[in-house]
Amino acid sequence: MLALASLLAVALVDPVTRPLSPTADNDAIYAEIAASNPALTDSPASLERLLAATQLADEKLRQAADADAASDLLMLTVGGLKVAYQRTGEAQYLCRLIDAADNVLAREGIPPVLFAAATDFRTEARDSLGATPCEQAPSKKTDSPPPIEAKPYAAPVGPALPPVARPVARPPADHRRVRAGLATLVPGLVSFAPMAGLLAYRSDGEATLAGIREDSKGRTLTQQEQGDSAALGRRYTATTAGAVALGVTGAVLVVTGASLLATGARQRRMAVAPWGARGVGGLVLQGRF
């Protein structure tokens, strides 16, 4: 009977209060960090829960080989460490943030957006540390989280932390727009080649017609010259119409393709880094530490 009551008690525990699994996904990590953020809740979770979730995000960040995954995990790691610093004022969390950013920046071939975000995070943390070197701060990492806070949560240290937004999902239409843009832009550029050929052909006809007119000065055109002039006139009209059609079509394709490429790239930047200069995925917004 006692065992049954224990099982029921465990089953009825609210999911937010259950320990975070080592295999938890990014949404679960985000939920833990958000639940520990005093800007989002009147009863923030314990510092232990926050640090456990942040440590898990940091470990996954160091194992992530994909740039998109690294971007999301950097967002979570930085967000958790910023909340921890706001709650405690301890420099060790800024040092751990710098270490996480350095880990990302040391990788080869990372996207410029991710490089800029990691650089910005590191710079802000260093500015907040001031003259305090990380060697004098407590250890960057511990084998286990600190003890659960025994006293009720007090007001956060320093300025209030801005609201935490849920990471923005990457739109699946991103790559399709880029592919469609390339498929439209390339034919548009290619169409300028035959247009140039038509213009050269028309120019050659104009030169021939000018020669006939030069040779016939002061006399009446022969029947052969009249026929040649008429044919050259038709050539001029046809080549002009063809060049205009190709030019307009090519210009429309180029503009459309460029717009699709720009839109696709903009969507991706917004998906990966809609933070301006202060955060990733909306987790870390405006304001310094």
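Side-chain atoms are counted along with the backbone in the values below, which use heavy atoms only and exclude waters and symmetry mates.
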Inset, instruction - Would you please say whether a donor-acceptor pair under 3.5 Å links the side chains of E59 and Q63? - result: no

Legend entry - Atom pair CZ (F121) and CG (L74), whose distance is rounded to the nearest 0.5 Å: 5.5 Å

Legend entry - Pair R62 + D99: basic N to acidic O under 4.0 Å: yes

Legend entry - Side-chain donor/acceptor of S71 to backbone N/O of A67, under 3.5 Å: no

Legend entry - Shortest non-hydrogen contact between P44 and R87, atoms and distance: CB-NH1, 3.8 Å

Inset, instruction - Could you tell me the separation between the CG atom of L47 and the OG atom of S36, rounded to the nearest 0.5 Å? - result: 8.0 Å

Legend entry - Under the side-chain contact (heavy atoms from CB on, under 4.5 Å) test, residues paired with A251 that sit two or more places apart: none

Inset, instruction - Provide the closest heavy-atom pair for A243 versus L199 in the form atom of the first, atom of the second, distance. - result: CB-CD2, 3.6 Å

Inset, instruction - Please answer: with hydrophobic residues joined when any side-chain heavy atoms are less than 4.5 Å apart, are L105 and L76 in the same cluster? - result: yes

Inset, instruction - Give a yes or no answer on whether the side chain of T41 reaches the backbone of N37 with a donor-acceptor pair at less than 3.5 Å. - result: no

Legend entry - Q55 CD to R96 CZ distance, which is reported to the nearest 0.5 Å: 5.0 Å

Legend entry - For N26 against K60, the heavy-atom pair lying closest together: OD1-NZ, 3.4 Å

Legend entry - Residues forming a side-chain hydrogen bond (donor to acceptor under 3.5 Å, both in side chains) with T23, sequence neighbours excluded: S21

Inset, instruction - Look up atom CD1 in I98 and atom CG in L81, then write down how far apart they are to the nearest 0.5 Å. - result: 10.5 Å

Legend entry - Polar side-chain atom of T249 near backbone of L246 as donor-acceptor pair, under 3.5 Å: no

Inset, instruction - Look at the side-chain heavy atoms of Ile, Leu, Val, Met, Phe, Trp and Tyr, link any pair under 4.5 Å apart, and say whether M195 and Y236 land in one connected group. - result: no

Inset, instruction - Considering only NZ, NE, NH1 and NH2 on the basic side and carboxylate oxygens on the acidic side, decide whether K82 and E124 come within less than 4.0 Å. - result: yes

Legend entry - N103 CG to R107 CZ distance, which is reported to the nearest 0.5 Å: 5.0 Å

Inset, instruction - Return the set of residues passing side-chain hydrogen bond (donor to acceptor under 3.5 Å, both in side chains) with T240 (not counting sequence neighbours), or none when no residue passes. - result: R202

Legend entry - Passing option when L61 is tested against D72, L73, L56, V78 for side-chain contact (heavy atoms from CB on, under 4.5 Å): L73

Legend entry - Heavy-atom closest pair, residues V83 and L50: CG1-CD2, 3.6 Å

Inset, instruction - Could you pull out the closest heavy-atom pair between V104 and A118, with the gap in Å? - result: CG1-CB, 4.1 Å

Legend entry - Gap between atom CE of M75 and atom OH of Y30 - 0.5 Å precision: 8.5 Å

Inset, instruction - Locate the shortest heavy-atom distance separating A57 from I29; write the atom from each residue and the value. - result: CB-CG2, 4.0 Å

